[in-house]
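Working notes, beginning with the structure itself.
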There are 2 protein chains.
Amino acid sequence: MSKDSPNADSRAKNVTTPALPNNARQRRSSDQVTLSQVAQAAGVSPITASRALNYPDKVSDSARRSVLQAVENLGYVPNLVAGSLASARSRLIAVIVPSLINSVFVEVIKGLQETLEAEGYQILLGNTDYDLDREYQLVRTFLGWSCSALVTAGLRHNSACHTLLANWDHPIMEVMELGQGMDLNVGLDHVAAGRCMATHLIDQGYRHIVYVGARLAQDYRASMRFDGHKAVLKEKGIDAPLLELDTLGSLQAGAEGLAQVLAQYPHTQAIHFANDDLAVGALLAAQRQGLNVPEDIAIAGFNGLPLGQHVTPQLTTILSPREEMGRLAAKELIRRLGGKNVYRRQHDVGFTLQIGGST
Amino acid sequence: MSKDSPNADSRAKNVTTPALPNNARQRRSSDQVTLSQVAQAAGVSPITASRALNYPDKVSDSARRSVLQAVENLGYVPNLVAGSLASARSRLIAVIVPSLINSVFVEVIKGLQETLEAEGYQILLGNTDYDLDREYQLVRTFLGWSCSALVTAGLRHNSACHTLLANWDHPIMEVMELGQGMDLNVGLDHVAAGRCMATHLIDQGYRHIVYVGARLAQDYRASMRFDGHKAVLKEKGIDAPLLELDTLGSLQAGAEGLAQVLAQYPHTQAIHFANDDLAVGALLAAQRQGLNVPEDIAIAGFNGLPLGQHVTPQLTTILSPREEMGRLAAKELIRRLGGKNVYRRQHDVGFTLQIGGST
DNA sequence: CGCTGTCATGATAGCGCTACCATTTGTTTT
DNA sequence: AAAACAAATGGTAGCGCTATCATGACAGCG
């Protein structure tokens with residue numbers, strides 16, 4: 001709007017040394033209410049106003065009241081960027097996930113978010129699309145925001161990312177899978193989950209079992225489950241064929257997976273899908289084709305999505321506590337950020353075999 | 001780690017005036033590589049280093065090369081907080097949604113995210129849990145981060161929030177519903193969507209139609225659809241009963257909704273559900289009870305989730321372009337942030353009636 | 001009555017970066 | 001050849017806040 005007449009100075013005595021500080025530099029105005037203005041209105045110093053807002057019990061009642069009143073009157077909105085720069089703390093938590101399509105990650109985010117937001121932290125969200133180089137870029141950016149902590153899905157990172165994180169002195173939380181991480185870790189044992197389901201299928205009497213996954217190079221946790229699955233079958237002397245789909249996991253992909261399995265392995269008795277989306281897609285497709293589940297073909301999934309519990313027959317699956325994982329990760333981070341000791345760096349959230357009518 | 005011997009100064013001549021600037025103030029060290037160090041290593045001034053990174057074509061090739069080399073060698077990570085404070089720009093986009101459980105919002109976020117991240121923007125995510133006061137708090141926080149723009153779901157805000165946003169001079173994007181917003185708006189007409197489905201149901205010959213929604217005071221867009229639905233039925237002289245569930249929309253809630261409708265309105269021929277989760281839950285529950293869909297009871301939903309397209313019979317629903325909505329919103333924001341004119345502030349993404357076998 | 005300790009407050013000096021202007025150098029114009 | 005201009009670079013001064021230290025006021029203590 002109106003920038004107060006800049007001639008006020010130019011009319012002043014001409015100075016020979018141009019470096020003198022009395023030339024009126026134009027600066028972005030930003031006409032925003034600042035803490036100093038609040039302090040002035042409240043009749044205290046800026047630093048007291050700052051304390052009144054950030055450490056309310058470090059100032060007297062009267063000072064606190066008049067500052068809060070001034071904040072109200074002036075409509076002051078704290079500049080968190082300036083505050084973060086000055087204090088080198090930001091109350092931002094970086095959250096990096098490989099996908100937002102897969103509802104699994106969204107549920108983890110949900111758990112994180114509800115717990116962190118209650119403590120006044122904000123989530124800075126990044127999506128790698130299963131690309132570790134992209135992850136590195138995101139980490140770099142997020143470190144630049146001096147995040148208070150970083151949450152990332154998985155234990156695998158590229159070497160640049162690893163170096164960057166190793167030298168970072170804030171909490172790092174790796175979620176989803178269990179293992180030796182960089183710092184904190186909350187997850188479950190995917191190999192064991194694969195073993196668990198394979199064991200169940202064998203117990204049910206199935207011998208011709210195909211594992212179907214989608215993009216296993218990316219979704220390496222699904223391939224860890226396959227490892228567990230394969231190990232069990234091998235112990236029993238059973239062959240463990242793998243069918244890898246090139247599309248991302250979805251109901252549609254599950255239907256295609258079923259078709260391919262039936263074409264390539266006609267004797268198949270059971271299909272162990274890498275996740276529930278695929279499994280339900282296959283189950284519904286099987287029914288559309290007039291196949292009986294589990295008599296003609298048994299189907300198992302992974303995750304325990306609500307969807308699988310509502311189809312008939314109910315889907316046999318492994319329930320992973322996703323929101324719980326997010327909540328626990330958030331709690332551990334908060335504990336750490338509060339300066340508390342961590343008793344355990346690794347937390348196994350476990351999983352539950354949920355036997356439905358589909359196997 | 002090692003803070004260079006602080007006695008260097010204390011050994012110096014004792015000064016009588018303690019306010020002299022040569023007393024060695026301890027300051028947080030933060031031992032991080034700064035742009036000045038990069039500049040020094042590259043043999044240029046800090047400001048040139050800054051330009052080399054932010055406006056590469058404003059510096060000479062040689063300067064740019066040596067700066068980039070120094071960045072690489074020193075492992076420099078730009079401090080975005082400092083940069084944002086100095087420039088009053090942040091490349092952060094605040095995104096506020098009412099829920100993360102409802103996959104609809106997640107898909108919008110997905111669309112926003114993929115488009116914004118490609119342009120170098122980061123998403124700051126907030127969840128209101130359908131609470132407008134919470135929305136106000138989040139907006140306040142996000143303004144404090146000097147976000148480049150703000151995206152929020154819906155056109156309704158409390159008055160404090162409205163005031164805050166009205167005085168904010170950055171783009172504001174309201175998504176999901178169409179209407180007179182504060183600034184930019186991308187959405188669809190929910191009343192029209194409700195009309196559309198009601199018309200379809202009547203065309204199919206149904207006369208006893210119940211609308212079932214969950215928490216309509218919160219999910220007011222669902223109640224706008226009911227308004228459209230009711231208007232159509234009223235025009236035909238048909239009664240339009242409403243059943244409101246107290247739980248959030250889910251497959252489980254849909255099953256309960258079906259039970260309640262059958263109990264309260266035994267003559268019901270068709271149920272118009274507020275969303276697909278409810279509708280599919282009801283559809284699957286009906287089948288478990290041996291009811292035929294649509295002969296015994298017709299079922300319709302809203303959203304066009306993949307799920308509804310994979311059940312048998314296929315769910316009649318209204319397809320809303322959710323990711324598309326996010327992408328379009330992001331594109332419009334980017335256009336605006338790039339200083340381009342906006343031709344239209346309102347964008348109708350429309351909807352599609354998808355007729356399945358369930359009606 | 002001085003000494004020490006706590007409490008509330010303030011003065012000062014940055015946090016690391018970029019906007020603003022000024023300067024230098026090289027290139028074009030008349 | 002002087003003037004006019006553009007391109008590249010640098011000096012300075014903040015952005016708005018908070019960490020650090022200093023100070024004054026007042027209580028408790030021997």
Side-chain angles (χ1 to χ4, degrees), chain A residues 3 6 9-10 17-40 42-64 66-67 76-90 144-146, chain B residues 6 10 17-40 42-64 66-67 76-90 144-146:
Chain A
K3 7 196 86 172
D9 295 86
S10 53
T17 51
L20 269 186
N22 68 344
N23 56 348
R25 273 274 176 76
Q26 297 292 78
R27 205 77 215 297
R28 54 255 145 176
S29 50
S30 96
D31 65 1
Q32 206 194 296
V33 181
T34 70
L35 188 58
S36 294
Q37 293 172 36
V38 170
Q40 196 166 15
V44 298
S45 72
I47 187 68
T48 300
S50 168
R51 279 194 277 252
L53 296 176
N54 295 310
Y55 308 94
D57 41 330
K58 292 223 154 196
V59 299
S60 65
D61 284 5
S62 67
R64 180 161 7 92
S66 50
V67 168
Y76 170 68
V77 176
N79 184 328
L80 300 174
V81 178
S84 298
L85 179 60
S87 68
R89 283 182 283 98
S90 76
W145 279 109
S146 21
Chain B
S10 53
T17 53
L20 270 187
N22 67 344
N23 58 346
R25 272 274 175 76
Q26 297 292 78
R27 205 75 216 298
R28 53 255 146 176
S29 49
S30 95
D31 67 2
Q32 205 193 295
V33 180
T34 70
L35 187 58
S36 293
Q37 294 173 34
V38 170
Q40 194 165 16
V44 298
S45 72
I47 187 68
T48 299
S50 169
R51 278 194 278 253
L53 296 176
N54 295 310
Y55 308 95
D57 41 331
K58 291 222 156 199
V59 299
S60 65
D61 285 4
S62 67
R64 179 161 9 91
S66 50
V67 168
Y76 170 68
V77 176
N79 184 328
L80 300 174
V81 178
S84 298
L85 179 60
S87 67
R89 284 181 282 96
S90 76
W145 280 109
S146 20

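Lettering of chains follows the sequences in order, A, B, ..., and the numbering in each one begins at 1. Remember, it's a predicted structure, so these values are computed and weren't measured experimentally. Side-chain atoms are counted along with the backbone in the values below, which use heavy atoms only and exclude waters and symmetry mates.
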* Proximal nucleotide (of dG10(C), dA19(D), dG14(C)) relative to the Ala86(A) side chain -> dG14(C)
* Flag side-chain contact, heavy atom, 4.5 Å: Leu53(A) against Leu35(A) -> yes
* Asked: With sequence neighbours excluded, what pairs up with Ala42(B) under the side chain to side chain contact (heavy atoms under 4.5 Å, CB included) test?
  -> Val44(B), Ser66(B), Val67(B), Ala70(B)
* Among dA19(D), dA19(C), dG16(C), the nucleotide that comes nearest once only the side chain of Leu85(B) is considered -> dG16(C)
* Determine to 10° how strongly the helix from dC1(C)-dG30(D) to dT30(C)-dA1(D) is bent, judged from the axes of its five-pair ends. => 40°
* Structure fact -> Scanning both residues in full, the closest heavy-atom pair of Ala82(A) with Leu85(B) reads CB-CD1, 3.6 Å
* Return the nearest nucleotide to the side chain of Ser50(B); candidates are dT18(C), dC17(C), dA19(D). => dT18(C)
* With sequence neighbours excluded, tell me which residues meet side chain to side chain contact (heavy atoms under 4.5 Å, CB included) with Thr34(A). => Ser36(A), Gln37(A)
* Name all pairs fulfilling the salt bridge (Lys or Arg N to Asp or Glu O under 4.0 Å) condition that reach into residues 47-59 of chain A, sequence neighbours left out, sorted by first residue then second. => none
* Asked: Of the residues in residues 54-62 of chain B, which ones touch DNA chain D at a heavy-atom distance under 4.0 Å?
  -> Val59(B), Ser60(B)
* Could you pull out all residues at least two apart from Ser84(B) that satisfy side chain to side chain contact (heavy atoms under 4.5 Å, CB included)? => Val81(A), Trp145(A), Ser90(B)
* Give the nucleotide from the list dC17(D), dT9(D), dC17(C) with an atom nearest to the side chain of Asn79(B). => dC17(C)
* Asked: Taking the side chain of Ile47(B) as heavy atoms from C-beta outward, which of dG16(D), dT18(C), dC17(C) is closest to it?
  -> dT18(C)
* Arg51(A) CZ to dA8(C) P, straight-line distance once rounded to whole Å -> 10 Å
* To do: Look at the side chain of Ser45(B) and decide which nucleotide, out of dT18(C), dG10(D), dG16(D), has an atom nearest to it.
  => dG10(D)
* Across the strands shown, which category fits Arg64(B) at heavy-atom distances under 4.0 angstrom: base, sugar-phosphate, nothing? -> nothing
* Asked: Considering only dT18(D), dC20(C), dG16(D), which nucleotide approaches the side chain of Leu35(A) most closely?
  -> dT18(D)
* Asked: So what does Val81(B) hit on the nucleic acid, given a heavy-atom distance under 4.0 Å: a base, only sugar-phosphate, or nothing?
  -> nothing
